[in-house]
Amino acid sequence: MALTSYLGAHPRIGGQTYIHASAQVIGDVTLGDDSSIWCNAVVRGDVNHIVVGRCSNIQDFVMCHVSHKHPGKPLGSPLVIGDYVTIGHNAILHGCTIEDECLIGMGAIVMDDAVISARVMVGAGSLVPPGKVLESGYLYVGRPVRKVRALTEAELAFLKYSAEHYVRVKNNYLSGE
């Protein structure tokens, strides 16, 4: 696995975390316990910090980055991902907040200062514009996203199930099976 420091900031890796050998984790990044970073994903906390909660997964070819701090925006835009979050293949997350038990679909883009509230599903290929706040409990799709409908009880349960499934898969990788 490629763990790279940047200007004295070193990635901090939680217990039982899996990082695929082809992934890149750079700079001020904190990965929670039981999280997983998959093939060719990039988690680049060079000009601001990134936090990934426990039992969250960042799938193949996902790009995670941040916006730098500057006089007009002293905190910049860090990237914060909660617990039990699934980030689908090839998504782009940039300086946003994703709360607990969310699913970000394949190829989705979530821009600076967007907030994905807990228990939200963002459809594949969707675009969440800068600063947009998505309300908890709904499915959002489109470019730009729009609220489509409330999630069903089965879909709400699937949000956590998806993350737990990836915990099981990464445990298989860690055990060498």
Side-chain angles (χ1 to χ4, degrees), residues 1-69 75-122 124 126 128 133-134 136 158-174:
M1 82 182 104
L3 296 176
T4 305
S5 297
Y6 180 79
L7 297 178
H10 311 285
R12 291 168 302 287
I13 311 303
Q16 292 298 301
T17 294
Y18 175 76
I19 303 171
H20 189 271
S22 64
Q24 302 287 318
V25 179
I26 302 165
D28 191 1
V29 174
T30 302
L31 302 178
D33 294 344
D34 283 313
S35 62
S36 55
I37 311 296
W38 294 93
C39 310
N40 297 298
V42 176
V43 183
R44 184 159 61 100
D46 52 2
V47 297
N48 211 323
H49 68 277
I50 296 175
V51 176
V52 177
R54 64 187 179 83
C55 301
S56 290
N57 61 89
I58 296 175
Q59 297 176 10
D60 311 61
F61 291 99
V62 169
M63 169 57 71
C64 297
H65 198 228
V66 292
S67 288
H68 70 283
K69 302 169 186 174
L75 299 178
S77 296
L79 173 59
V80 178
I81 299 171
D83 298 336
Y84 295 94
V85 173
T86 296
I87 308 297
H89 310 291
N90 214 39
I92 299 171
L93 306 179
H94 203 279
C96 57
T97 297
I98 300 172
E99 295 180 355
D100 298 343
E101 294 184 38
C102 289
L103 187 147
I104 307 302
M106 295 181 283
I109 300 171
V110 185
M111 300 297 295
D112 283 16
D113 306 315
V115 176
I116 312 301
S117 298
R119 305 186 87 199
V120 162
M121 191 179 293
V122 175
S126 295
V128 182
V133 177
L134 305 188
S136 180
F158 180 78
L159 296 172
K160 191 166 186 186
Y161 168 84
S162 176
E164 290 172 334
H165 169 71
Y166 265 86
V167 169
R168 289 187 293 276
V169 171
K170 69 94 184 156
N171 284 343
N172 292 339
Y173 276 81
L174 288 174

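Computation of the quantities below employed the complete heavy-atom set of this structure, encompassing side-chain atoms and omitting hydrogens, waters and symmetry-equivalent molecules.
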Open item on the list: Consider side chain to side chain contact (heavy atoms under 4.5 Å, CB included). Of I50, V51, N48, which one does P78 pass it with?
Closed with: N48
Task: Any pair counted as salt bridge (Lys or Arg N to Asp or Glu O under 4.0 Å), so long as it reaches residues 36-45, sequence neighbours left out - done: R44-D46
Task: Those residues that, when tested against S67, pass side chain to side chain donor-acceptor pair (under 3.5 Å) (two or more places apart) - done: D112
Open item on the list: So T17 and V52, do their side chains get closer than 4.5 Å, heavy atoms only?
Closed with: no
Donor-acceptor pairs under 3.5 Å, side chain of residues 84-93 to any protein atom, not counting sequence neighbours: which ones?
unit_1 : atom_1 : unit_2 : atom_2 : d
Y84    : OH     : R54    : NH1    : 3.2
T86    : OG1    : N57    : ND2    : 3.1
T86    : OG1    : S162   : OG     : 3.0
H89    : ND1    : D60    : OD1    : 3.1
H89    : NE2    : Q59    : OE1    : 3.2

Open item on the list: Test of understanding: with salt bridge (charged side-chain N to carboxylate O under 4.0 Å, His left out), list the residues that count as partners of K170, not counting sequence neighbours.
Closed with: D34
Open item on the list: Enumerate the salt bridge (Lys or Arg N to Asp or Glu O under 4.0 Å) contacts for residues 93-108, please, sequence neighbours excluded, ordered by first and then second residue.
Closed with: E101-R119
TODO: Provide the full list of salt bridge (Lys or Arg N to Asp or Glu O under 4.0 Å) pairs with a residue in residues 11-23, sequence neighbours left out, each pair given once.
DONE: R12-D28
- [ ] State, with a plain yes or no, whether a side-chain heavy atom of N40 is found less than 4.5 Å away from one of S22.
- [x] yes
TODO: Would you name the heavy atoms of S35 and G53 that are closest together and state the gap between them?
DONE: CB-O, 3.7 Å
Task: Test side chain to side chain donor-acceptor pair (under 3.5 Å) applied to D113 - qualifying residues, sequence neighbours left out - done: K73, S77
- [ ] Could I get the full list of side chain to side chain donor-acceptor pair (under 3.5 Å) partners for H10, not counting sequence neighbours?
- [x] S5
Task: From CG (L3) to CD1 (I37), nearest 0.5 Å - done: 10.0 Å
Task: Between SG on residue C64 and CD1 on residue I98, distance to nearest 0.5 Å - done: 8.0 Å
Open item on the list: Measuring from atom CD1 of I19 to atom OG of S36, what distance do you get when rounded to the nearest 0.5 angstrom?
Closed with: 9.5 Å
Task: Heavy-atom closest contact (S56 atom, G82 atom, distance) - done: OG-O, 2.7 Å
Task: Partners meeting ring pair (Phe, Tyr, Trp, His ring centres under 6.0 Å) with Y161 (sequence neighbours left out) - done: F158
- [ ] With sequence neighbours excluded, tell me which residues meet ring pair (Phe, Tyr, Trp, His ring centres under 6.0 Å) with H68.
- [x] H70
Open item on the list: Quick check: do C96 and L79 have side-chain heavy atoms less than 4.5 Å from each other?
Closed with: yes
Task: Pairwise ring-ring contact (aromatic ring centres under 6.0 Å, His included) hits with a residue in residues 33-57, at least two apart - done: Y18-W38, W38-Y166, W38-Y173
